[in-house]
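Reading through the structure tokens given below for one structure.
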Amino acid sequence: MIIHPPMLYMGYVGMSVAFGFAIAALLGGRLDAAWARWARPWVGTAWVFLTLGVALGSWWAYYELGWGGWWFWDPVENASFMPWLVATALIHSLAVTEKRGAFKSWTVLLAITAFSLSLLGTFIVRSGVLTSVHAFATDPARGVYILAFLGVVIGGSLLLYAWRGPGTLGGSRFEWLSREAMLLGNNVVLLVAAGTVLLGTLYPLAIDALGLGKLSVGPPYFNAVFVPLMCLLLALLGFGQLVRYKQDQARRLLQFAAWAAPASLVVGGGLAIMLGGEAGTRAMVGLGLALAAWVVLGSVQAVRSQLSRQRGLGGALRRLPAGVYGMAVAHLGLAVAVVGITVSSAYAVEERLRMAPGDTATVAGYTFRFEGVEQLQGPNYRASTGSIVVTAGGERVTRLAPEKRLYSSGGQPMTEAGIDAGLTRDLYASLGEPLGDGGAWSVRLYHKPFVRWIWLGAVFMAAGGVLAVSDRRYRGVASPGARDERRHGARARGPERGARALPDPVRRVRRDRPVPGHRADARRRRGALAADRQAGTDVRARDGRRTADTTVTPADFEGRVWLLNVWATWCVACRQEHPVLMRAKREHDLTILGLDYKDERPAAVQWLQRHGDPYAMSAYDPEGRVGLDLGVYGVPETYVIDADGVIRYKHIGPVSNEQLDGEIVPLVRELQRAS
């Protein structure tokens, strides 16, 4: 309890950062990939704290309350669970906004909703509107303040969204079979799940406040509506990790499903048969374990697909972004938690007994012998400590010592369960109340198979979040000059201020016809300028022919001043910028190299044919490797590179005619004269 509430509140407060980003984007009228990239590490960090906070609360309820359960759908439990569900949807929505410029409306609403639910959770826990063993305080005055603040946040942010949203938000098109569509399904399921929990939590409070009587909404309701939604989510998750952005082919996914689905059913059904039980129990367990196996196979296949695009396994393992590993580990943790939830719920055994010293009871093949209760004096409490010896097959397994404590600072007795923990089972005992003469007590005995996998899965999920947040794309440190460039698009005043050159060779886009199968050359060339690291990027047209395998080095542009423009067909702002680039080539005769960022090559070819081609040539960066080394914050971005290969100007966002004539062209002419 010392760690659990601060963890939750770190998550709650972390959601305020995402909320702040969303409001700033609405007020500023700009919500693009750069916004999403800045917000993702903050949301990921808050999500990690929320995950650990919810898991610690579950663990506390398990060992402290003596009820033998890990989740009771208590309103305070729900208060922390709802922001976690919405934050999970927000993480996935931000990924699409950053990479494809889609889901902007979703992302803003999810950021507002996540913070609003965090405030609601704080209100429920601190206000005293409900009585719960989890509630931290009863403070009506503070509760009224939080409720008023909640109203301002929700009402004000939604009014701002209605006012500024239509002119600020937009998105790119995608097909029904695409990563975007799968993540949209993920968002919908998570939001519906959060809505059902919200309804079950607030409805009894509303009925009571209206004077219509007392109503209790318990586990039967939540299990009936929540479990089917989670089954649908797990089914989508196995596919969603593999689907490509924008558009994919059903044939490729069916090839995966053709072996993964039968394998998952065999694993789930086989384990259910081994575990035994009634037919209904085996069917439920088989379904849960099959879905867990399905998620694991999808995660492994997703990482394998990423590795297959790299050259050399050893180098590929190092080059793969930490976010890819984080995704796989988090999804693996979800599968582990599903195994724990499924098996422990189906096969847990509970016995409530009256036991006197010397009495024995058999639970799931283990014999529990009650030896009596001893009164002990602790440093600040008095305790009744029981002694229960557990044997199996005549061999002693462990000794459990459940306690009933009465602390000096309060009058309510507290339970300390006696637990023998194991990876595949927990043996659990708790003391109730004394029952008359003879030293008899009310005792609860439990056998909990695989219950520890629930919290192990939460640890894996949090570890996956940490890995994703540690991705180097979110922790680059810039010099003062580079930071000034990012803020204002102003040129650095020489190589000593943030100047650097471009990263390594990449494959170029063919503009005569699509060419399948070519990948980015991920080799990194080490070099150094006086100011910063140096590497070169470019593509070469050989004898004027558009060839797919040619690459360029810095030597190819030595002595020339040129522009690099980062673009993509899915980028809405790139369409706005494109006429300016065409004018730069036509009227100012500027040499422009394009970097097609995280795009599909055939789509890029068609886009240039349809809208015109301002580029001397265009490099192809399908995985974002070059953009990662370059430090791309969002698409579009434009760089001016001098004759020595040093970046002298960086502009984030679409270039306007005013910026072209007032900043870029004068700088290019100045650099040309200097060279």
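Along the sequence shown, residues carry numbers from 1.
- In the displayed structure, W42 atom CH2 is contacted under 6.0 Å by at most 12 heavy atoms of other residues, nucleotides or ligands.
- The two residues P636 and A573 come nearest to each other via the heavy atoms CD-CB, 3.6 Å.
- Listed for the W570 side chain is a donor-acceptor partner under 3.5 Å among the backbone atoms of K598.
- L237 places none of its side-chain heavy atoms less than 4.5 Å from the side chain of N186.
- The residue from F222, F81, W455, W60 that alone fulfils the ring-ring contact (aromatic ring centres under 6.0 Å, His included) condition with W71 is F81.
- Smallest separation of non-hydrogen atoms from M230 and A193: CE-CB, 3.9 Å.
- Distance alone, capped at 3.5 Å, is enough to place a donor-acceptor pair between the H4 side chain and the G57 backbone.
- A donor-acceptor pair is defined here as one N or O able to donate and one able to accept, closer than 3.5 Å; such a pair exists between the side chain of S116 and the backbone of I112.
- Once rounded to the nearest 0.5 Å, the distance linking CZ of F460 with CG of L332 reads 5.5 Å.
- Tested against H92 for a side-chain contact (heavy atoms from CB on, under 4.5 Å), the candidates L110, L183, L184 yield a single pass: L183.
- Side chains of N223 and W73 form a contact here, defined as non-hydrogen atoms less than 4.5 Å apart.
- Summarising the geometry of A61 relative to E77, their closest heavy-atom pair is CB-OE2, 4.4 Å, with the distance given to 0.1 Å.
- Closest non-hydrogen pair, L8 versus S80, comes out as CD2-CB, 3.7 Å.
- In plain terms, the two heavy atoms of I592 and A584 that are nearest each other are CD1-CB, 4.2 Å.
- Looking at S93, its side chain never comes within 3.5 Å of a backbone N or O of L90 through a donor-acceptor pair.
- Atom CG of D596 is separated from atom CG of N565 by 10.5 Å, given to the nearest 0.5 angstrom.
- Under the 30°/60° scheme for interplanar angles, the aromatic rings of Y12 and Y9 are found to stand perpendicular.
- A distance of 5.0 Å separates CZ of F226 from CG of L85, quoted to the nearest 0.5 Å.
- In this structure, the side chain of T122 engages the main chain of S118 through a donor-acceptor pair within 3.5 Å.
- When atom types are taken as modelled, the side chain of D621 and the backbone of L595 share no donor-acceptor pair closer than 3.5 angstrom.
- Judged by distance alone, with hydrogens and angles left aside, the side-chain atoms of Y221 form a donor-acceptor pair with the main-chain N or O of T196 at under 3.5 Å.
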* Check the pair R575 / W607 against side-chain contact (heavy atoms from CB on, under 4.5 Å), numbers first and verdict last. => CA-CA 10 Å; R575 298 178 183 270; W607 199 88; 3.7 Å; yes

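- The line from CZ of R648 to CD1 of I664 is 15.0 Å long, rounded to the nearest 0.5 Å.
- No donor-acceptor contact under 3.5 angstrom links the side chains of W567 and D599, judged on distance only.
- In this structure, the side chain of R244 does not engage the main chain of R179 through any donor-acceptor pair within 3.5 Å.
- In this structure, the side chains of V48 and L52 come closer than 4.5 Å at one or more pairs of heavy atoms.
- With rounding to the nearest 0.5 Å, the separation of CG in L27 from CG in L160 is 5.0 Å.
- Contact annotation: the side chain of V580 never approaches that of P654 to less than 4.5 Å [non-hydrogen atoms, C-beta and beyond].
- The line from CH2 of W70 to CD1 of I454 is 4.5 Å long, rounded to the nearest 0.5 Å.
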